[in-house]
Asks: 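Take this structure, written in structure tokens, and hold onto it; I'll ask about it next.
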Amino acid sequence: MLIDARSLADKAVIEADLCIVGSGPAGMTIAKRLAESGIRIAVLESGGRDVEPEINRLTEGELTGLQIEALETTRVRALGGTSTVWNGQCRMLDVNDFEHRPWIPHSGWPFPRKELESHYAIAHRILRLQPVEYDLSKWATRTGQRFLEPSHDIFFNRVSLTRPVHFWTDYGADLEKAEDVGIYTHATVLGIRLAADGQSVDRLDVGTLDGKRLTARARRYVLACGGIENARLLLLSDDVHPNGVGNGNDLVGRFFMEHPRFVSGVLVLSGKGLPQKGLYGDYYIGDGFAIRGDLGIRAEVQEREGIGNVLGRLDPANEDEFGPGAMAARHMLKQLRQGRVPDDLMANLWTVISEADDVVATAYRRLIRDRDRPITTYEVESYIEQVPNPDSRVTLAEERDAFGQPRVHVDWRLSEIDKRTSYRAIELFAQAVGANDIGRIRVVVKPEDIFPPTTGWGHHHMGTTRMNDDPKSGVVDRNAKVHGIANLFVAGSSVFPTSGCATPTLTLVALAARLSEHLDKQFKEAST
Amino acid sequence: MISRRYFLGGAVGLGSLAVLPAGAATRPRDAWLAAIGDSPAVRSVGAACLRCGVVEADRQVLLRSLMTALATLAPQEADPAAIRAALGALRRSDFAAGEVVNVDGWILARSEARAYAFAALSAPLA
Ligand SMILES: Cc1cc2nc3c(=O)[nH]c(=O)nc-3n(C[C@H](O)[C@H](O)[C@H](O)COP(=O)(O)OP(=O)(O)OC[C@H]3O[C@@H](n4cnc5c(N)ncnc54)[C@H](O)[C@@H]3O)c2cc1C
């Protein structure tokens, strides 16, 4: 049943067995998996069917450190959450992403990837990613396309599978019909209220923007508000524990991770080139399903080099686009798009003006580019694993939102290992393409310029309620239960202890499927 | 700065046997030059390698170090195709082992940088 919380009486109480906060991919997966289990479920969603600007503004916050996109444009408060705008690109984390890597502080998940395999299988089905084929050579055979074949042990080809499933459009109708599921829209959870002993959740405070205050009571609670809002809600709930819920060890909000990305090189192929619409780029298989090949650096090489995981993204390019003029023009454009006055406006302007020919040539070639002509030049974008860093963090800001609650403050910080990964990655890709006689790479960043002001992000918010069996090292345990709180769980990429270089949604959906199994078992055990 | 046009004709072109001038070599120096490729592109890349100071600026030293590295090649080998094949293998193993140099941002195998520099310092083939 779909209920607009604004239609309820002020001070009404919502009762359920399980209360899920948020209807994005994480929350919807749990609701969908448990819909037929006999458990009474209440989903509390801050937004409605469509994006409403005044609701989305609840997500606004302050940003310091390295720039990420304004929070209200990178997260969506509506049914289906951010899956209303996402690209749908999915890949599993690598086996080594789950392992403790001695050269990466705070690395290691509480379980190996094989423990998540069956849930990954479920997640592929939920995300409608079929066939599940991560071998680029198989796709090459299937599509008749060429690909870069590695013969030395530095790089390998990665594959992403893409289908932008919209969680509400695709699964909402079934949930609306489910007898035991109530989905409350315009219901913003304002705080988690603990029992007097501080060891379990007693209720949730819920508000609507038209002034109603409601209460939600359940036997168990799951926060699925997204990678930043999960931490914010725990920090906001400070009436019993002054540092917030689950924050006895000052870990909530720390270890915020994103996926930094920037153009680091240009690859010139030695052979006849690859087709313009090749496998390195979204290759449409049909029915809204696409695949994409990228380059990866082998786990042994990461270990030898003491770096994090990394992905090399290839995009058809033109040598002229890497002239100083074109680079400067792109830099300026990017900053302007981000609503910033370029930091080095004058220097860039002179470069653009003095290299006007090269800028014009780039624009011209883009216009006339023959779409089917084989290409010999790619720009290489490094897309790296940000390693866990306690100083990269989400805290509460002074400024308040429409409910009078402190907004969020995100201070995104990268570390020396991230710099090394970024620079060594492009050098290693250069070694790999040379060793395989694929071509040569020109590095277009200097080590001292990492991270350049053009550094982008993946819209991936991770790590702020990290998973670790030791309460001193994690906010949630291996079952995603908040340490020290008997009936509170967290779903979403905020529980990732490390981020790998894979897009996060497939993994967070797999974890949500795993959590629903755990909850189902707990409910069943409690009723016998 | 090395342009991509030169680069394609020089460094990357080294991988292709098709451009070999058949029977051009009469003495080892010529054979080496023919194997490396005696073209403006190769010379331009070689000059950049020298300018960046990533290789020895002496023709004899360059040739000697290449010959030493190519232990499988007979010292008097005069067949450009054989030299070219051996240089190719050396270049690939340099890359795999991280024996690379940075020339205006281009990452080159140390041995190929030496080869281009040798060409740049040599008089053109008759
Ligand atoms: C432009 C863009 C492209 C992306 N592309 C990809 C991609 O290709 N691949 C990929 O893996 N990921 C991608 N992502 C990221 C992806 O969208 C997220 O990983 C995913 O949506 C996270 O799911 P979630 O359920 O944890 O959070 P969300 O989808 O953010 O859902 C959280 C829900 O919680 C609700 N909520 C928040 N606070 C409260 C509260 N206090 N009370 C009640 N409800 C609340 C919100 O309204 C929202 O509906 C992209 C993101 C963007 C912005």
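Being a predicted model, the structure only gives us computed values, none of them experimental.
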Asks: Heavy-atom distances under 4.5 Å only: say whether B/Ala96 touches chain A with side chain, backbone, both or neither.
Replies: both
Asks: Hey, are A/Arg442 and B/Asp104 close enough for a salt bridge, meaning a charged N less than 4.0 Å from a carboxylate O?
Replies: no
Asks: Examine whether an atom of B/Asn102 lies under 4.5 Å from a heavy atom of chain A, and if so say whether it belongs to the side chain, the backbone or both; otherwise answer neither.
Replies: side chain
Asks: Look up atom CG in A/Asp437 and atom CZ in B/Arg91, then write down how far apart they are to the nearest 0.5 Å.
Replies: 4.5 Å
Asks: CD/B/Glu99 to CD/A/Gln431 distance, rounded to the nearest 0.5 angstrom?
Replies: 9.5 Å
Asks: Show, in sequence, the C-alpha distance, side-chain angles and deciding distance for B/Phe95 and A/Asn436, and conclude whether the side chain to side chain contact (heavy atoms under 4.5 Å, CB included) test is met.
Replies: CA-CA 9 Å; B/Phe95 270 121; A/Asn436 290 287; over 6 Å; no
Asks: Side chains of A/Arg440 and B/Ile107: does their closest heavy-atom pair fall under 4.5 Å?
Replies: no
